[in-house]
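Below, read A as the first sequence line, B as the second, and so on, with proteins coming before strands; counting in each chain starts at 1. Only this structure's heavy atoms are used, side chains among them; waters, hydrogens and symmetry mates stay out.
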Protein chains: 2
Amino acid sequence: MISSPKNPRLKDIRRLKRCKGERALLEGPHLVGEALRAGIVVEEVLATAEFGASALGTELLSRLASPPTMIEGRLLNSLTDADSPRGLIAVARLPRGGVESLPAPHTGLWIYADALQDPGNLGALARVAEAVGVDGLALSPGTVHPNHPRALRASAGSLLRLPVARNVEASALDDHLSPAHPRWACLATRGGTDLYSADLRPPLILAVGAEGPGLDAGLLERAELKISIPLAPPVESLNATVAVAVALFEIVRHKG
Amino acid sequence: MISSPKNPRLKDIRRLKRCKGERALLEGPHLVGEALRAGIVVEEVLATAEFGASALGTELLSRLASPPTMIEGRLLNSLTDADSPRGLIAVARLPRGGVESLPAPHTGLWIYADALQDPGNLGALARVAEAVGVDGLALSPGTVHPNHPRALRASAGSLLRLPVARNVEASALDDHLSPAHPRWACLATRGGTDLYSADLRPPLILAVGAEGPGLDAGLLERAELKISIPLAPPVESLNATVAVAVALFEIVRHKG
């Protein structure tokens with residue numbers, strides 16, 4: 001039972017709040033449950049007595065290979081930036097490879113995240129990407145780490161399952177996927193081909209730009225297909241995740 | 001120039017952070033500019049000297065009917081919960097009526113937000129709603145106030161322009177819109193009609209439920225059309241705003 005804020009194990013876990021490595025902090029029963037279901041290596045689980053005594057807790061903790069470390073609720077809350085980790089966190093190993101770690105093409109649809117800064121946006125992007133069945137998510141150098149606790153949480157588990165490659169230059173992704181001959185596509189606030197009349201057939205790599213500055217000029221040039229979502233005036237743009245989601249669902253319809 | 005945190009005008013503005021009335025706090029140049037463009041009555045504008053001296057500031061402040069109140073940056077930041085209000089806030093009057101304030105049908109598409117709690121979600125919903133050209137947004141009793149600063153911000157201006165009715169019971173919306181004979185629709189995580197084979201032709205009222213508990217049982221019963229978005233397993237659900245956006249864009253395609 002950990003009940004002192006000076007316990008040395010806490011120092012180690014506190015560092016994971018700003019995760020930059022393969023050891024990741026999973027906050028809350030949903031994410032920990034998803035990790036166990038996905039067969040991810042969970043190093044350590046910390047639970048409150050209250051969670052352990054709940055129906056969900058009894059079921060979930062019974063699936064662990066080794067017993068959890070019990071911890072006071074107040075201390076557990078101090079380890080996370082979740083509003084409420086609901087009595088359970090875990091430390092898991094989530095190694096992320098480079099472009100070579102992406103699997104062989106199946107749906108022929110990939111996402112390239114260019115310099116995304118907000119972990120919540122990356123998580124939401126991964127959730128939609130998995131929902132439409134992309135083959136993988138490639139992250140540019142400078143994109144936030146996919147093991148950031150907030151990214152993992154916002155992904156609702158998708159970042160635990162989806163093939164994610166880090167530190168990928170656009171040209172390297174192109175080389176790696178060249179046998180599949182994908183076209184590059186991107187979203188343009190205006191001036192692109194209308195989403196509903198564009199030829200959206202995969203294989204496609206959809207490039208998604210940073211929140212503020214938008215897509216890098218080199219990527220814009222690379223994109224053979226610039227898509228605009230028709231918007232009722234005076235609306236000029238959508239939230240980035242919403243725009244990507246609307247485009248992805250439309251692309252998937254053209255797969256068959 | 002306001003430079004003391006004890007200035008009595010600040011107390012009044014601080015109250016607007018948790019806005020529950022028709023006086024609303026607009027944070028940042030984008031939102032204030034949108035309000036001026038939309039012809040909204042702006043009671044008071046507070047700006048930092050730095051913002052006033054910038055190119056954007058000179059242009060924007062020149063459009064005001066009366067001169068802004070200058071304020072120290074540190075104090076201005078303390079008045080908002082925006083990460084960065086960027087040197088400008090304003091107090092505006094945004095009266096919100098009941099169901100009778102909704103305009104006559106045009107596109108025949110309405111959204112009914114049932115007990116939404118998160119102001120950011122309400123704002124994002126309004127942004128998508130305006131982007132697809134809905135006729136109006138009706139909020140159930142218990143839904144967060146549309147004048148909440150965070151809702152206004154997340155809406156990127158849409159909550160300044162879109163017809164929004166508050167305190168609307170589903171039955172009252174039905175009565176009010178009965179000449180248009182709209183059907184009620186809702187999203188179901190599973191078991192609904194596939195989004196791409198459903199008859200989505202307006203007139204439609206799309207009911208959107210609360211973040212946690214989902215849609216109220218009475219609304220589920222009222223909904224003639226239950227829509228499910230096809231998701232690649234093992235994904236079980238989308239973020240609520242993303243799901244609504246994907247459904248709305250599909251509905252709009254069936255308008256013509």
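What you find for A/A245 and B/V242 is that their closest heavy atoms are CB-CG1, 3.5 Å. Contact record, A/V235 with B/E130: CG2-OE1, 3.2 Å, taken as the closest heavy-atom pair.
Between chain A and the options B/A154, B/S158, B/P234, B/A124, heavy-atom pairs under 4.5 Å are most frequent for B/P234. Between chain A and the residues B/P233, B/S237, B/G157, the most heavy-atom pairs under 4.5 angstrom are made by B/S237.
Within a 6.0 Å sphere centred on CD of B/E59, heavy atoms belonging to other residues, nucleotides or ligands number more than 12. Sparse packing is recorded around CZ of B/R86, with 12 or fewer heavy atoms of other residues, nucleotides or ligands lying under 6.0 Å away.
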Take A/F249 and B/L238 through the test side-chain contact (heavy atoms from CB on, under 4.5 Å) and record every step on the way to the result. CA-CA 12 Å; A/F249 273 93; B/L238 294 171; 3.8 Å; yes
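By a heavy-atom distance cut of under 4.5 Å, A/I229, A/P230, A/L231, A/A232 are the residues of residues 225-232 of chain A near chain B, going up by number.
Neither the backbone nor the side chain of A/R37 comes within less than 4.5 Å of any heavy atom of chain B.
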